[in-house]
Amino acid sequence: MLSAFPAEADAVLSHTALDPSPVVVADRRHFYLGTIGGKKVIVAMTGIGLVNATQTAETAFARFTCPSPVSIGAVVFSGLAGGGARVNIADVAVPARWTTDGGATFHPVDPGMLAAAQALSVDLESVVRLIDLKRAPRLVVGGDGFSTDNNNGRAFPCIPNGGDVFGCQPCSAPDRSLFYTGNFFQAAGPWLKNALISNLSIASTANPAFDATDNETAAVQAVADAHGTPFLGIRSISDGAGDPLGLPGFPFEFFFYKQIAADNAARVTAAFLRSWARV
């Protein structure tokens, strides 16, 4: 169970019954063992961006592979995304395929996992900070997802104690420490030198051609595919159409709606795990 930043990971952890000794640390990354819907899970926060997502997924497979007593049987990414033409803010998209090159090539998710998602019925939140969306958010299964970032091949640095977006640990992590620095000292210098300017361009993460546009999912899928492991991406819309306040797009919509989107993604993720019977 992977998520990019603290708000997303905390939403997943809120559905997780942690083991008595849940923490495993590998290559400075923290993994949390537990169960969701009766299924054993490993929950981790990748960090923002394609590079962090790839590195965390590769670390997970290196650590949790036989002869380890805990091994990875499938991968699910739960988090936020910019929305496309058929989805609105707080909807949850579960794309059938993902791309990192704008649609030149696509990679399908696991068909059995996608079929299980199609059969779900989930009550999703529709009120955020006393603002009623005045509609029931939908679960949209199928379509396309697009993962990209503008970090020029560099890992985006987390910020120690940087809150629920830029922080280095989930706020509810059982081993949360004010002294944990994540990848900050390793990644900050190269990122400042090679990717800061590209990140100063504030552009919407939504793309009308894709149901979900994010910064991590397809990178994790590539690692899962390389290990022959089933994969599914579950993304709730934090910015795009359907904003009752009429905020001026990203990043304003993202910061206002990130919590309801993270919660809805985690609700679908938990419902999926309860219902999915791997064959």
Side-chain angles (χ1 to χ4, degrees), residues 1-15 45-50 52-53 76-95 98 122 124-141 143-150 156 158 162-167 170-171 199 201-220 233-270:
M1 301 300 310
L2 295 176
S3 296
F5 55 83
E8 297 175 336
D10 283 321
V12 173
L13 286 171
S14 73
H15 294 272
M45 194 183 87
T46 64
I48 295 169
L50 297 178
N52 285 328
V76 177
F77 204 107
S78 176
L80 280 59
R86 2 181 249 165
V87 291
N88 291 311
I89 286 171
D91 288 350
V92 178
V94 185
W98 288 85
V122 185
L124 300 175
E125 294 183 28
S126 61
V127 177
V128 54
R129 300 181 187 178
L130 303 181
I131 302 299
D132 191 344
L133 297 176
K134 300 189 184 305
R135 54 178 169 80
R138 300 176 302 137
L139 173 60
V140 179
V141 180
D144 298 333
F146 177 28
S147 296
T148 183
D149 69 14
N150 56 353
F156 186 86
C158 67
D164 64 355
V165 174
F166 301 110
C171 298
N199 272 267
S201 175
I202 300 298
S204 174
T205 57
N207 186 318
F210 302 99
D211 290 325
T213 300
D214 65 48
N215 301 139
E216 299 86 21
T217 305
V220 172
I234 298 172
R235 289 285 188 168
S236 183
I237 307 308
S238 59
D239 51 283
D243 175 11
L245 297 178
L247 297 174
F250 182 87
F252 303 97
E253 289 176 346
F254 168 84
F255 281 102
F256 190 85
Y257 293 107
K258 61 181 169 60
Q259 192 60 61
I260 190 173
D263 290 344
N264 279 348
R267 284 190 181 199
V268 172
T269 298

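Quick note: residue numbers are just sequence positions, from 1.
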Hey, are the side chains of [X] and [Y] touching, using non-hydrogen atoms and a 4.5 Å cut-off?
{"X": "Q259", "Y": "D10", "value": "no"}
{"X": "Y257", "Y": "L247", "value": "yes"}
{"X": "R235", "Y": "D211", "value": "no"}
{"X": "F5", "Y": "N52", "value": "no"}
{"X": "V92", "Y": "V122", "value": "no"}
{"X": "R267", "Y": "E125", "value": "yes"}

Under 3.5 Å, side chain of [X] to main-chain N/O of [Y], donor-acceptor pair present?
{"X": "E8", "Y": "L80", "answer": "yes"}
{"X": "R86", "Y": "V140", "answer": "no"}
{"X": "D91", "Y": "L139", "answer": "no"}
{"X": "S236", "Y": "A261", "answer": "yes"}
{"X": "D149", "Y": "L50", "answer": "yes"}

Interatomic spacing from [atom1] in [X] to [atom2] in [Y] - rounded to 0.5 Å:
{"X": "I260", "Y": "L133", "atom1": "CD1", "atom2": "CG", "value": "5.0 Å"}
{"X": "F156", "Y": "N150", "atom1": "CZ", "atom2": "CG", "value": "9.0 Å"}
{"X": "D243", "Y": "I237", "atom1": "CG", "atom2": "CD1", "value": "13.5 Å"}
{"X": "R138", "Y": "N264", "atom1": "CZ", "atom2": "CG", "value": "12.5 Å"}
{"X": "F256", "Y": "S238", "atom1": "CZ", "atom2": "OG", "value": "13.0 Å"}
{"X": "F252", "Y": "L245", "atom1": "CZ", "atom2": "CG", "value": "13.5 Å"}

* For side chain to side chain contact (heavy atoms under 4.5 Å, CB included), just list the numbers for D214 and W98, CA-CA rounded to whole Å, side-chain angles, deciding distance to a tenth of an Å, and then say yes or no. => CA-CA 10 Å; D214 65 48; W98 288 85; 3.2 Å; yes

How far apart are the closest heavy atoms of [X] and [Y], and which atoms are they?
{"X": "A9", "Y": "S3", "value": "N-CB, 3.6 Å"}
{"X": "S126", "Y": "R135", "value": "CB-O, 3.4 Å"}
{"X": "G49", "Y": "E216", "value": "N-OE2, 2.9 Å"}
{"X": "A90", "Y": "P137", "value": "O-CB, 3.3 Å"}
{"X": "T269", "Y": "S78", "value": "OG1-OG, 3.1 Å"}
{"X": "T46", "Y": "A4", "value": "OG1-CA, 3.4 Å"}

* Run the side chain to side chain contact (heavy atoms under 4.5 Å, CB included) check on F166 and I48 step by step: do they pass? -> CA-CA 8 Å; F166 301 110; I48 295 169; 4.3 Å; yes

